[in-house]
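Quick caveat: nothing in here was measured; it's all calculated off a predicted structure.
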Amino acid sequence: MMDATLEQLTRSPKLSLYYQRIHDLLEDEQQRREEFYRTVNEGEHVEFINGQVMFHSPVKNRHLVATKHLLVLLDAYVRTHALGFVGYEPLMITLTRNDYEPDICFFRSEVSDQFTPTQMSFPPPDLITEVLSPSTEVVDRGTKFEDYGAHGVREYWLVDPEAESIEQYVLRAEEYELLTKARSGSIVSAVVSGFEIPIRAIFDPAENLSALQNVMSVNPKTGD
């Protein structure tokens, strides 16, 4: 997709004009981004997206429950088997243009072993989960979907707490491919070795507790 767009631009007689306009826009945007870095406070729930500072609105309880349930399962599994690091909002990842605070993300140990105690900006993770809400769904399915894929985030989960469903995308040739879309059954991570959970464990407290006991005993190399 990106290569096709660039090819089209290179064939345009207006290429130099486009370049100057884009340069001016990005220069102005960079100044606003630097101001964002100077003024953002630790713990604030805020993102910088396409030149705009986006503050997060309060979310509904079902959003919090789904986020907490999945975070507990993924974090317990990753820490038990020393696979890396699980972060959550307001951890901020910095991409070439934008700065995001994913609901949940996973970094393999080869990357997370380089993190420092005072670090406040992080590279693209291996897995990102966004829990949808009415105020964020357009961005989660639009700008973030494109941006995460362009920066090599290998797996992307979209959790819908209202429909109690999940969508799993994996990166294929710089674009996301839908691997799973379901409300029941199990979901198996493509990048967190051996991580498999019942989808209902994201939404149901009893299922979550049962799944938690299971993920802490699974061998990530064999799945047993």
Are the side chains of [X] and [Y] in touch, meaning some heavy atoms are under 4.5 Å apart?
| X | Y | value |
| --- | --- | --- |
| Tyr176 | Tyr148 | yes |
| Asp24 | Asp28 | no |
| His151 | Thr96 | yes |
| Phe122 | Leu91 | yes |
| Leu158 | Tyr156 | yes |
| Thr180 | Tyr169 | no |
| Val153 | Leu171 | no |

Could you tell me whether [X] atom [atom1] has more than 12 heavy atoms of other residues or ligands within 6.0 Å of it?
| X | atom1 | value |
| --- | --- | --- |
| Gln8 | CD | no |
| Tyr37 | OH | yes |
| Tyr88 | OH | no |

Can you name the nearest heavy-atom pair linking [X] to [Y], along with the distance?
| X | Y | value |
| --- | --- | --- |
| Gly51 | Arg32 | O-NH1, 2.6 Å |
| Met92 | Val46 | CE-O, 3.5 Å |
| Pro125 | Cys105 | CG-CB, 3.7 Å |
| Leu95 | Pro124 | CD2-CG, 3.5 Å |
| Thr10 | Leu15 | CA-CD2, 4.2 Å |
| Gln168 | Val188 | NE2-O, 2.8 Å |

Item to check | Derivation of the salt bridge (charged side-chain N to carboxylate O under 4.0 Å, His left out) call for Glu29 and Arg33 | outcome: CA-CA 6 Å; Glu29 184 176 293; Arg33 195 177 191 186; over 6 Å; no
Item to check | Exercise: do Thr94 and Ser121 side chains pair donor with acceptor under 3.5 Å | outcome: yes
Checklist entry - Quick one: do the Thr136 and Ser133 side chains pair a donor with an acceptor below 3.5 Å? => result yes
Check: [X] side chain, [Y] main-chain N or O, donor-acceptor pair, under 3.5 Å:
| X | Y | value |
| --- | --- | --- |
| Asp126 | Phe107 | no |
| Glu101 | Glu47 | no |
| Glu89 | Pro102 | no |
| Glu175 | Glu146 | no |
| Thr80 | Tyr77 | no |
| Gln119 | Thr116 | yes |
| Asp140 | Leu132 | no |
| Arg183 | Ala163 | yes |
| His23 | Tyr19 | no |

Next on the checklist: side chain to side chain contact (heavy atoms under 4.5 Å, CB included), that's the test. Do Val111 and Phe85 meet it? Break it down for me.
Outcome noted: CA-CA 9 Å; Val111 175; Phe85 175 74; over 6 Å; no
Let me confirm one number: the [atom1]-[atom2] distance from [X] to [Y], rounded to the nearest 0.5 Å.
| X | Y | atom1 | atom2 | value |
| --- | --- | --- | --- | --- |
| Leu26 | Arg21 | CG | CZ | 10.5 Å |
| Ile104 | Leu74 | CD1 | CG | 7.0 Å |
| Met216 | Leu73 | CE | CG | 10.5 Å |
| Arg108 | Asp113 | CZ | CG | 11.0 Å |

Next on the checklist: I'd like to know if Glu164 and Arg200 make a salt bridge, using a cut-off of under 4.0 Å between side-chain N and carboxylate O.
Outcome noted: yes
Item to check | Residues clustered with Met120, ILVMFWY side-chain links under 4.5 angstrom | outcome: none
Next on the checklist: I want to know whether Phe106 and Phe195 have ring centres closer than 6.0 Å.
Outcome noted: no
Next on the checklist: Assess the residue pair Leu127 and Trp157 against the criterion (side chain to side chain contact (heavy atoms under 4.5 Å, CB included)); give the C-alpha distance rounded to whole Å, side-chain angles, the decisive distance to 0.1 Å, and a yes or no.
Outcome noted: CA-CA 8 Å; Leu127 164 68; Trp157 291 11; 3.8 Å; yes
Next on the checklist: Applying salt bridge (charged side-chain N to carboxylate O under 4.0 Å, His left out) to Arg141 and Glu167, what does each step give before you reach the verdict?
Outcome noted: CA-CA 11 Å; Arg141 293 188 179 279; Glu167 297 168 35; 2.7 Å; yes
Item to check | Test salt bridge (Lys or Arg N to Asp or Glu O under 4.0 Å) applied to Glu35 - qualifying residues, sequence neighbours left out | outcome: Arg38
Starting from [Y], can I reach [X] by hopping between I/L/V/M/F/W/Y residues whose side chains sit under 4.5 Å apart?
| X | Y | answer |
| --- | --- | --- |
| Tyr100 | Val59 | no |
| Val86 | Ile128 | no |
| Val78 | Val72 | yes |

Item to check | Full working for side chain to side chain contact (heavy atoms under 4.5 Å, CB included) between Ile93 and Asp99 | outcome: CA-CA 6 Å; Ile93 64 169; Asp99 303 274; over 6 Å; no
Checklist entry - With Ile187, which of Ile199, Leu179, Leu70 fulfils side-chain contact (heavy atoms from CB on, under 4.5 Å)? => result Ile199
Item to check | Residue pairs, two or more places apart or on separate chains, that pass ring-ring contact (aromatic ring centres under 6.0 Å, His included) and touch residues 46-65 | outcome: Phe36-Phe48
